Amino acid sequence: MPRNHTFLAALLAAFTLSLPVAHAQTATVVVPQEPGSLLPHFDLLSIAHEAQDLVFERLFVIGPDGNYLPELAAEVPTLENGGLSPDGTTYTIRLRPEARWHDGTPVTARDVIFTWRVITDPDLPIPTRTVWQDIDAIEAADDHTVVITFPGPNVTFLGAAAFAGAYVLPAHLLEGSDLNASPFHRQPVGSGPFRLVEWQAGTLLRFERVDDYWGENAELDRVVLRVVPGAEAQRSLLERGEVDLVLQLAMTELPFVNALADYEAVPVPTFANWQVWLNNEDPILADVRVRQALVYAIDRELIADALLGGLTEPSDAALPPSHWAHADDVRSYPFDPEAAEQLLDEAGWTRPTPTAVRTRDGAELEIEIINIAGQADRLQVIQAIQSFWRDVGVRAEVRSIDAASFPPTLGAGEYQAAYGFFGEQQEPTWNLWLGTNWQRYDNPEAFELLERYSVTIDRDERRELAVAFQHLVAEDVPVLFIAPRPLLAAATTDLEGYAPTTATSLWNAARWRK
Amino acid sequence: MPRLLLISVLLFGVVHLPPGGPADVYAADPAATPAAIERMRELWGLDQPLHVQYGRWLSRLARGDWGMSYTERRPAIEVVGDRLGATLRLTGAALLVGLVAGVTLGIVASASRKPLVRHAARLLAVLGMSVPTFWSGALVLLVFASTLRWIPAGGMGSIDGPRTFLDALWHLAAPALVLGSVYVAQWMRFVQAGLDAVAEDDFVRTARSKGRSRVGALLRHGLPNVLLPLVTVLGLELPRLLSGAMVTEVVFTWPGIGRLLHGSLVARDYPVVLGVLVVAATAVIVVNLLTDLLYGALDPRVRYA
């Protein structure tokens, strides 16, 4: 039998040698779009933030429970630990002294200040400068301490520094170079647990573990982002079990994912609502009774169950239930067609026959809803709304426009109603109201609450103001809230540690395991 | 050249026609000041009147500078260049598929005396033409990639495997068949009609009287007459092929310029959109010119004055 032993030994040796290769762990993540740039702050796409999350780090991150966790900062500044001054104007941020860029250079206060300078540079195409542009002074107290001063109390800085895309840039590599056309857009150097090793245009981005990462090394050897825009190809990859995670699936894919044995559907939390913007200056919609009737007329439970995958519960509050400042006892509008008809009668829109379209002074009650073309699930919801409104004598027409035309059209007020979603932040900036106000909501009392909110340091007091505001909005119905909008992801049951947050999904990819 | 100039005016106008523009991405940030948005327009030259923008774009284009992609922050010519090869491979293969299948079916339909065969060939071809590629592509993926697993679920090559010729062919087969199937019907009908027309001509009859079989006479003496005009049809088909590629590339995750065009339109990345369109327009014009020249070379009866 000696020959057999030799053979066995050889086999064993071959097996042992191949072990490291067999154990090279790769997580393959499907994304529907390709990031434009990996130089943080230039690309608004959430997919770009997911990719940047592997390479770069923020001062803080938002954990799955909605609380702040320190990342490059040593701790989250609060009133209690002195990181936030009692008047709410000054944040003192201590950085982790051990943090290093991939080339070994320490991450210092200079990098944070440089990042602020990039974000606020008027000659760079930075899509969002919110909060950062309000900073009065930013100074390095020492190499690892940054002191940031705002002109008045600021309650949104932590949220902005922890939110997707707020990554710290390496000053020593970028200072003095033209960021408009830097090779860094495609060859980034960060401080995170992975580095980009390959970018095949239109196909994939390959990341590899940084072995001398300053923190705890990643468990995985590689993360591959595969760019797959087609729904059929995504399905096929799932059925073949070739991928570990598919991000940003259409909600219509939920039954398909549920039927797969090796994958589970994961609702990704967001602070966004599906909603119908109403132009409050429109002659028909200026009447609060008409707006209230339009909500009463819609069976939102049915829409949430049948068309939004049952992953969401309708709510009449401006902040969805997943948000810490959500008001859960606002005036509610359960499905009640009779109440809707009564309100419309009161508003002078009468119905000559029980099936006719309502009229007032000879004019028909007709509302045009603007929709972003190309997404079947949006159209389904609008068609449901159309049919519910038809039942109470309101005719709705749909006009489809492309995504890029949507903001300017609503911004100019050239619309009656429009379907889409809007997302708030961890620390609400009330963009929907104070900023864009596409709905042209006009209630001085409500806006005063928001102004007070933005200068109140104590979080509990802030919550009370937010709740009071949500009560007013629920009375006035300037916007019809259909249901909160969770995102859908599909993950293999093998993948451990995946914990999507309202900010990003790959924030903790270093702790993933297969 | 004048044609290309006219096309460039049209393209530039149409691309800038819809409301909204790249700077609106910045306007969507409620904290953005009007001055900051104006600065962005200035930096990108979008504050200028449209005809000035066009003039600048054209003069830079002539010097090979297509401008910077707004989203990728690198020269648009590089962005398009990275994706052009994929589209050439796909459309080239689809053309080959359509041509081989079309000519073969055309010969079969014309040579066969059995009505059943003639109808079957025609049915097959018409089916290919009338089924939209997004549907047939989805079906092919479902059956052959998801269920039978004979083909990969899209892409131009294996993600981790070696980049061999066979691997490339394996990935190319399905999208090329789907895109090519659209053109089979046209070429089949063309070949069949042509063969039917020459079947009774004197030179075919002469060949037959010399003892050649019916099919042999058709192929040897009839087919060359039919294939010549096919060259022209080929040139005319190119625009349709390019627009078909746009859909096929999305379905099969093919990293070509069709998908790039779609993404750039959504993002209002004007330099890339215009770059892709200029490439497509140039290709159409060049191919039409080539077919005209080729025609002269192939057919001794054609002379250019």
Side-chain angles (χ1 to χ4, degrees), chain A residues 26 28 33-34 36-37 39 42-45 122-131 133-134 179-183 185-186 200-204 206 224 226-237 239-240 242 401-409 411-412 429 431-432 434-437, chain B residues 18-33 35-36 39-40 43-44 68-75 79 82-83 86 134 137-142 145-147 149 152-157 159-160 249-256 259-260 262-263 265-269:
Chain A
T26 303
T28 307
Q33 287 164 296
E34 182 172 12
S37 153
L39 175 49
F42 282 74
D43 198 331
L44 203 59
L45 271 188
D123 288 344
L124 292 176
I126 307 292
T128 174
R129 311 177 204 266
T130 322
V131 188
Q133 67 186 6
D134 303 333
L179 295 189
N180 260 315
S182 166
H185 285 284
R186 291 181 90 74
Q200 289 180 28
T203 299
L204 61 81
R206 206 186 296 271
V224 177
R226 278 181 78 167
V227 185
V228 182
E232 301 82 15
Q234 289 183 0
R235 284 178 168 210
S236 192
L237 287 170
E239 284 200 78
R240 296 157 69 103
E242 278 182 33
I401 62 177
D402 69 322
S405 305
F406 194 78
T409 307
T429 46
N431 286 346
L432 175 62
L434 290 173
T436 57
N437 198 9
Chain B
D24 279 317
V25 173
Y26 304 93
D29 176 9
T33 60
R39 179 82 190 115
M40 239 42 327
L43 284 174
W44 289 343
M68 289 284 280
S69 159
Y70 299 148
T71 52
E72 298 201 13
R73 309 306 311 162
R74 58 181 182 138
V79 176
D82 271 0
R83 312 286 285 266
F134 67 84
L139 191 73
V140 164
L141 269 184
L142 181 70
S146 298
T147 310
R149 308 205 177 172
M156 221 162 75
I159 292 301
D160 282 308
E249 284 178 1
V250 172
V251 174
F252 287 97
T253 325
W254 200 262
R259 241 177 76 197
L260 179 67
H262 180 254
L265 274 172
V266 172
R268 290 282 201 276
D269 196 342

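Worth knowing before you read on, the calculation uses all heavy atoms, side chains too, and leaves out hydrogens, waters and symmetry mates. As the structure is a computational prediction, the values presented were derived from the model and not from experiment. Throughout, a chain's letter reflects where its sequence line sits, starting with A, and its residues are numbered from 1.
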Minimum heavy-atom separation for A:Pro229 and B:Thr253, please, with both atom names.
CD-CG2, 4.1 Å

Minimum heavy-atom separation for B:Ile159 and A:Arg206, please, with both atom names.
O-NH2, 2.9 Å

Determine the option with the most heavy-atom pairs under 4.5 angstrom with chain A, choosing from B:Arg149, B:His262, B:Glu249, B:Met156.
B:Arg149

Minimum heavy-atom separation for B:Ala153 and A:Ala233, please, with both atom names.
O-CB, 4.1 Å

Chain B contact via A:Leu204 - side chain, backbone, both or neither, heavy atoms under 4.5 Å
side chain

Heavy atoms of B:Met40 and A:Asp123 approach each other most closely as CE-C, 4.4 Å

With a 4.5 Å limit on heavy-atom distance, are the side chains of A:Val227 and B:Arg259 in contact?
yes

Counterpart residues, side chain to side chain contact (heavy atoms under 4.5 Å, CB included), relative to A:Ile401 (two or more places apart)
A:Ile370, A:Arg399, A:Ser405, A:Phe406, A:Thr409

Applying a strict 4.5 Å limit to non-hydrogen atoms, the region of B:Arg74 in contact with chain A is side chain

Whatever's closer than 4.5 Å to a heavy atom in chain B on A:Leu45 counts as neither

Heavy-atom distances under 4.5 Å only: say whether A:Glu34 touches chain B with side chain, backbone, both or neither.
side chain

Mind ranking B:Leu260, B:Val250, B:Thr147 by heavy-atom pairs under 4.5 Å with chain A and telling me who comes out on top?
B:Val250

In Å and rounded to the nearest 0.5 Å, what is the CG to CZ distance from A:Asp402 to B:Arg268?
4.5 Å

Supply the atom-to-atom distance B:Leu141 CG to A:Gln234 CD, rounded to the nearest 0.5 angstrom.
11.5 Å

Any non-hydrogen side-chain atom of B:Met68 less than 4.5 Å from a side-chain atom of A:Asn180?
no

As an exercise, state the distance from CG of A:Asp43 to OH of B:Tyr70, rounded to the nearest 0.5 Å.
15.5 Å

Counting heavy-atom pairs under 4.5 angstrom with chain A, the leader among B:Gly157, B:Pro152, B:Gly256 is B:Pro152

Salt-bridge test for B:Glu72 and A:Arg186: reply yes if a basic N is under 4.0 Å from a carboxylate O, no otherwise.
yes

Which of the residues A:Gly411, A:Gly230, A:Ala201, A:Ala412 is involved in the greatest number of heavy-atom pairs with chain B at under 4.5 angstrom?
A:Ala201

Smallest separation among heavy atoms of A:Arg240 and B:Ala145, with atom names
NH1-O, 2.8 Å

